[in-house]
There are 2 protein chains.
Amino acid sequence: MNARAKDKLQGRVRAVIEAITPQIDCGRFPVKRAVGETVTVEADVFTDGHDSVACMVKHRPVGEGAWHHVPMKPLGNDRWRAEFRVTSQGRHEFTVVGWVDHLETWRRDLLKRHGAGQDLAADFAVGAQLGRELAGRAVRLEAQRLEEWAAALIDNASDVDERVMLAQSEVVSEIAMRHPDPALVCESPLVLGVEVERERARYSTWYELFPRSTSRSPGGRGTFADVIARLPYVAEMGFDVLYLPPIHPIGQAYRKGPNNRPTAGDDDPGSPWAIGAKEGGHKAIHPELGTLEDFKKLVASANELGLELALDIAFQTSADHPYVREHPEWFKKRPDGTIQYAENPPKKYQDIYPFWFEGDEWPALWEELVSVVEYWAEQGVRIFRVDNPHTKPFGMWEWLIARVKRRYPDAIFLAEAFTRPKVMYRLAKLGFSQSYNYFPWRNSKHELMEYFRELTSPPVSDFLRANLWPNTPDILPEFLQYGGRGAFMSRIALAATLGASYGIYGPAFELLEHKAREPGSEEYLDSEKYQVRHWDLDRPDTLRDYIARLNRVRRANPALQTDRGLRFHRIENDALIAYSKRAPGTGEAVLCVVNLDPHNAQSGWLDLDLEALGLDAEQPFQAHDQLSDARYLWRGPRNYVSLDPRHSPAHVFRLRGKVRSEHDFDYFL
Amino acid sequence: MNARAKDKLQGRVRAVIEAITPQIDCGRFPVKRAVGETVTVEADVFTDGHDSVACMVKHRPVGEGAWHHVPMKPLGNDRWRAEFRVTSQGRHEFTVVGWVDHLETWRRDLLKRHGAGQDLAADFAVGAQLGRELAGRAVRLEAQRLEEWAAALIDNASDVDERVMLAQSEVVSEIAMRHPDPALVCESPLVLGVEVERERARYSTWYELFPRSTSRSPGGRGTFADVIARLPYVAEMGFDVLYLPPIHPIGQAYRKGPNNRPTAGDDDPGSPWAIGAKEGGHKAIHPELGTLEDFKKLVASANELGLELALDIAFQTSADHPYVREHPEWFKKRPDGTIQYAENPPKKYQDIYPFWFEGDEWPALWEELVSVVEYWAEQGVRIFRVDNPHTKPFGMWEWLIARVKRRYPDAIFLAEAFTRPKVMYRLAKLGFSQSYNYFPWRNSKHELMEYFRELTSPPVSDFLRANLWPNTPDILPEFLQYGGRGAFMSRIALAATLGASYGIYGPAFELLEHKAREPGSEEYLDSEKYQVRHWDLDRPDTLRDYIARLNRVRRANPALQTDRGLRFHRIENDALIAYSKRAPGTGEAVLCVVNLDPHNAQSGWLDLDLEALGLDAEQPFQAHDQLSDARYLWRGPRNYVSLDPRHSPAHVFRLRGKVRSEHDFDYFL
C-alpha cells in the first residue's frame, strides 16, 4: 500500500457516522431556522467491536473560523443526539465528528472487572497509560492534572475501590472530549447548512390590501396617503405585515376591464400585475399612488405602528414596459417577429409578456431582476411576496435570494406558488422563507390533519414554512362562498392557530365578501384586481374585532408562534378538529378546538394526549379559553366540548396544570 | 456576472432532478444486484412553468466509455421511472438526465389549440423552427428527415388536420430523445453505483459440516478424503455450497476442552477458530485433514457434483500463530509487555489474540490479511464466510472486498455478524454479498412479518441479502431445543422459502440434534467446536428426504430464488403464516403457508391478495403443493388451510391461474 492510498484510507479511524439529521437532499439545501431556535442534530455513530464511541456536533456561522462543539448523548440503537441554538442571522453550518473512546471503554470494562472481583493491577496500568497519552495532547494545566491522575491510579498504596472511583473522574472525561487523538477521529464529509432568518420569517401576521381602493371618498382612487390613514385600522387588528400588490405603472396595451373582460374602458385601472408603462417599470411607482417620497413616508409610518411593508415581486411585463423596447433580447420572439405573450393553451394572456430565461442574455436579465429587489430594499422594504415564482427558473431564485441576503440578511421572501407539491417544495428548499400552500382547499378534518402532519414533520418542516391564507385576491374558496359568517370565522381561527404565519386579503375578508364571478369560479365578483372598490369598514357585521382578538391571543401565546410540535388530539365528531402546540422554551401548551361546520353547533368528547401536553393525568388542570376568557376545570383526557358557529367556532385554550396565582385558583375552585 | 459565475450557474438549464432511487446513503454505497436482475430507477424530474420535460437513465459498467440510455416514463406527481438489466459482473453506474422538452410542449399545446379551433399558422412555424434546430444537432440522415418534416408542417397547401397528425410523429420524438440541446440538459451530479454479482450471491443453499467429524470409523478423525466421500450425501440433499469451518492448524496454548472447558486433554482437538500453530497459520492446512493437494481434490470433486466450497475467514490467531512471533507489531501489548488476548469483560479468551488495527503497521497488516483471501482464491475457492467481521474495522473490509473482487469478480462474501442492526447493515453496504441475520430468533408470526418486511423493502433490500440459518454451530435456538421434529421441519421450511439463500449446520440439523450444553444456553451439548463427533446419517428419523424435497422445490420455482416481491397474506390464525413470492420474469407465483406451532395441527382461512398474485378473482385457480404434490382447486381470496406438523408443517403452492396442459386440467376438474 503506497503512502497516498494509506492517507486516503485512514486505516486507524474505526468510528463511522451515518444518517445525520436534519438533512435536506443529502445536504444540497440548508435547513431553515429563525434566530433563537434550536437545531436538534441526530446521527448514527458506532464502531466495530465492543469499544465505546464518543461524538460531537460541530457548528458555526459560515465564515467564522472556530467551531463550537456540543457533545452528543446516546439515544440507544447507536443513535446520538445533541442540540444547539442559532443566535444570529445568516448561513450556519454543522457536522458530526466521532471517535473510538478508549478511555470510556477502559472505565466501563474496569467497573465490570471490579464487579467480578478480578485483579485490577494491569488495568490501572492501562488507564495510567491512556491518561499520559491524553496529557500529551492536552494543554498544560490539564496535562498536569492528568499526570497526577495517572500516578494516583497506579499508586499501589492506595485503596482499590478508591482508585476505581478515581477512574470515573468527570474532569478527565471533559479533557478527553476536548482532545481526542486526531488520527482516530472520523469527521463526516457532510457539512450541512442552516439558513437562519429573523423571527418574522417564522411568525408573522399578514394583511393584504389594494392601495387604490383605500380612498376615503367614494369614486376616488386611493393613494399612499390614504394607505397611511388606513394603517391604524390594520395595526389595531394586530397585523404586523402589510402587503401591497404591485405599485408600478400599469400597461395600456390589452388592458383588462372589470371582471377580467378582454377590453377596458378609458377609466378602468387595469391589473396591477400588468407591470410597466411609459411612466416606467419595476422600479417606478404608479403616478396615481404617489411619489417615491410618499412611498418612503408610508414605510416609515407603518414601522411606527409595528407594521412592516411587503411588496409584490412579479417578474413579467405588460407590452408597454420599457424593457420591451430597451431589451428585446429578454423576450422570446415568435417566428413572425412578434413577442411571445403568456399562454396556457388554449388561453392567451396578451397583456402579459413573460421573460425568456433560455436566451443567451440570461446573465444580464438575472442581474436586472435582482436589481429590482435590491432597489426596493434600498427604499426600506425587507419583505417580498413573489408572484408565481414557479414560472421562473429554480436556479435563478436560488441565486437571487442568496444575492439579496448577502446585502440584506433580514430580507424575507414569500413564494406564491400554487402548483404541484414537488415544485412548491423545491422553491422552499432553494431559499424562500415562507410559502403559500394548499390550506385554502383543505376543509375537512381528515384533509387538514393529513396535510398539516406532512407540513410539520421532517423533512418538510425543516425547509418549508407555511403561510396560511383563507382567501387571496385570486382565491375565494367555495367554503367561504356558501358558508356564511361561520365559515369566515372558522377558517381564520384555523389559519391563526394552525399557522405561525397567516394572512388575509382585506377588507374583503373581514367584510365577508363572498360572491364569486360565476358559479364554480374562485374569482371574486368585481375583483379588485381589475377595478377600484370602496369598502365600508364600519359595517356592523365586520369581523374586525374577532380578528383583533385572535391576533392578541397569538401575541400572548408563544406556542402559537411556532409550527413545531403541532399535535392532533382525538375528538369524537368529524366536524370538530382538536390540536395543540407547545412553546419551545417554556413548554406552555395551547389547545385549539375548531368547529368545521359553519352552520350548526357541534359537540363531542375530546380524548387528550395528556403526556404530549405535559399534564398530569391524576391532577385537575385549567383550560382557559383565550378568546372568550372562560375557564374550565378539567381532569383526565376525556372532556366535553361544544361550539356554536353563531357565537365562536373555536376554543383556544391555554392549559395550566398548576395554579399560578391565588386569583386563578379562586376562579375555578 | 462574470464568465465563471455564468458557467457555474448554467442559467439556461431549467429542469431539475431530485430523489433518485435506488440510492444508499446519498450514493456513498452501491446497490446490489445479481447478473440478470433489473434496476428500476425512479426520480423526480420537473421544471418551472408549464413546459414538458423529458428524462433518461444513463447507465454503464464502470470503465466502459459509452453510456446506455433508457427513456423514463411518467408515473404522475412529477415522478419518472425506467429500468435496465445488468448482464455482467462488477461495478456498474447510473444517473439521470433531464431537460425541458420544447418539442413535446409544442405538440401538447398544438393539440389543445387545435381542439379550441384556433388558427395554427404561427404554431406550425414554431414547430418547423424546432425541427430545424433539432436537425442542427442530429446526424445526417435524421437531419434530412427533420428538414422534410419541418417543410411539410408549414406547407399551407396541405390539410391542417394532417399537419397536426404529422406534428405527433414518433420518429421525430425518437430523434429528439437522442439529441437534446446540451445547453439545456440537467445532469444529476449523483452518479450511483450498482454492484453486480453472480447469481449465487442472490440464490444459494448452504450446508456446513466439520471435516474432522466425517470419518467413517467411529473414533477416527475425518480428513478431506472423508469429506469427498460425504459429498454425494450433501449434493443429493440439493445443496450447492459446502461450507467448512477453519481448516488451519490449531493452537496448543490455552486450548479449550470439550464443552468449552478451560483446559484440554492431550487428545482434544481444540477449536478450529483458534488458528495457528507451529505448522503454520491462515495459509496452512491442519495436518490431520490432509495436504494442499488433497484440498484441491476436494474442491474439484465438489464442483463435479455442483457443489461449491466455502471457506471460513477468521481474522484472529491463537497464541501459537507464526504471526505472533514474526509480527508482534500487529498485536496490542499490555503495559506489562504481554499481548492483549480477546476479552468481553469480565470474560477472558486467552486462546485468542485479536489483531491490533490501530497500530502504525496497519497497512502491512491489511496487505497480509487480503493475501490470505487471495491465497485461497488461488486454490479455487470463491466463497468466503467471514467470522465476526464486526470486530474488525469497517474500512478494512470495504478495501479488502473491493481488492479481492478486482482479481476475482466472482468472489462472494458472507458476513457472520450477529450484532446490532446498524453494524450489520454497514457491513452489508460496504460490500458483503450476503449476511447472517436475526432469523434464528424470529419465531412468532408477528416477528417474522415485521422482520422480513424490513429486509425485503428498500433501502435494506437494495444492500443486504439475508442468508437464513435455522441453526449454526454457535446457535441452537430454544425453539429447536424444545419443539421436536415439527420445529425442525417448520424452521427449515421457513428458511428455504422466505430466503433465496439459506443454510443449515449439519448433520446436527437433519439429525435433529437439540440438546443444549445447559438450560438457557444456545450452545450445543458436546459441540463439534471443541470435539470430534460421529453422526449416524442413516437414522430413520433423519430429515434428509424432507430437505431434499424442499431444495428440489426451490430449484424448480424461480419465485423462490429471489427475495424481491415477498408479500404476506392474511390468515386467521396466529400459528399460521402465509406469504407469496413471484418470479421476476414470468410472474409465476408461489404461495407458502407454514405452521409455526411445532406440536399441534393448525387450520385457518386464508385471505389472499389475488391482485398481488396476478390471479383473476372471478376465475378458479389451481394451488399445487410442491411438497406433497396435492392439487386444490380454489376460487376467490378465501380458502381453508390445515397443517399438521406430524406430517408436513408447510404448504408450498405453485399457483396456476390458467390451465397449462390437458393433464393439469383433468386433474382438478
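Naming convention: chains lettered A, B, ... in sequence-line order (proteins, then strands); numbering from 1 in each chain.
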Per-residue contact mode, [X] against chain B (heavy atom under 4.5 angstrom):
X	answer
A:Gln23	side chain
A:Arg334	side chain
A:Leu184	side chain
A:Val100	side chain
A:Gln118	side chain
A:Lys392	backbone
A:Thr419	neither
A:Asp336	neither

Check whether any side-chain N or O of [X] sits under 3.5 Å from a backbone N or O of [Y] as a donor-acceptor pair, and report yes or no.
X	Y	result
B:Glu42	B:Trp80	no
A:Ser188	A:Thr95	no
B:Arg113	A:Pro346	no
B:Trp99	B:Pro180	no
B:Asn77	B:Arg79	no
B:Trp330	B:Trp362	no
A:Gln340	A:Phe331	no

In terms of heavy-atom pairs under 4.5 Å, which option from [options] contacts chain B the most?
options	result
A:Cys26, A:Gly395, A:Gly11, A:Ala116	A:Gly11
A:Gln129, A:His50, A:Glu343	A:Glu343
A:Ala5, A:Pro393, A:Ala417	A:Pro393

Residue B:Arg14 versus chain A: region with a heavy atom under 4.5 Å: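 For B:Arg14, the contact with chain A is made by backbone and side chain together.
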Side chain / backbone / both / neither for B:Thr338 at chain A, heavy atoms under 4.5 Å: neither
Is the cationic atom of B:Lys429 (NZ for Lys, CZ for Arg) positioned less than 6.0 Å from the six-membered ring centroid of B:Phe463 and within 45 degrees of its normal? yes
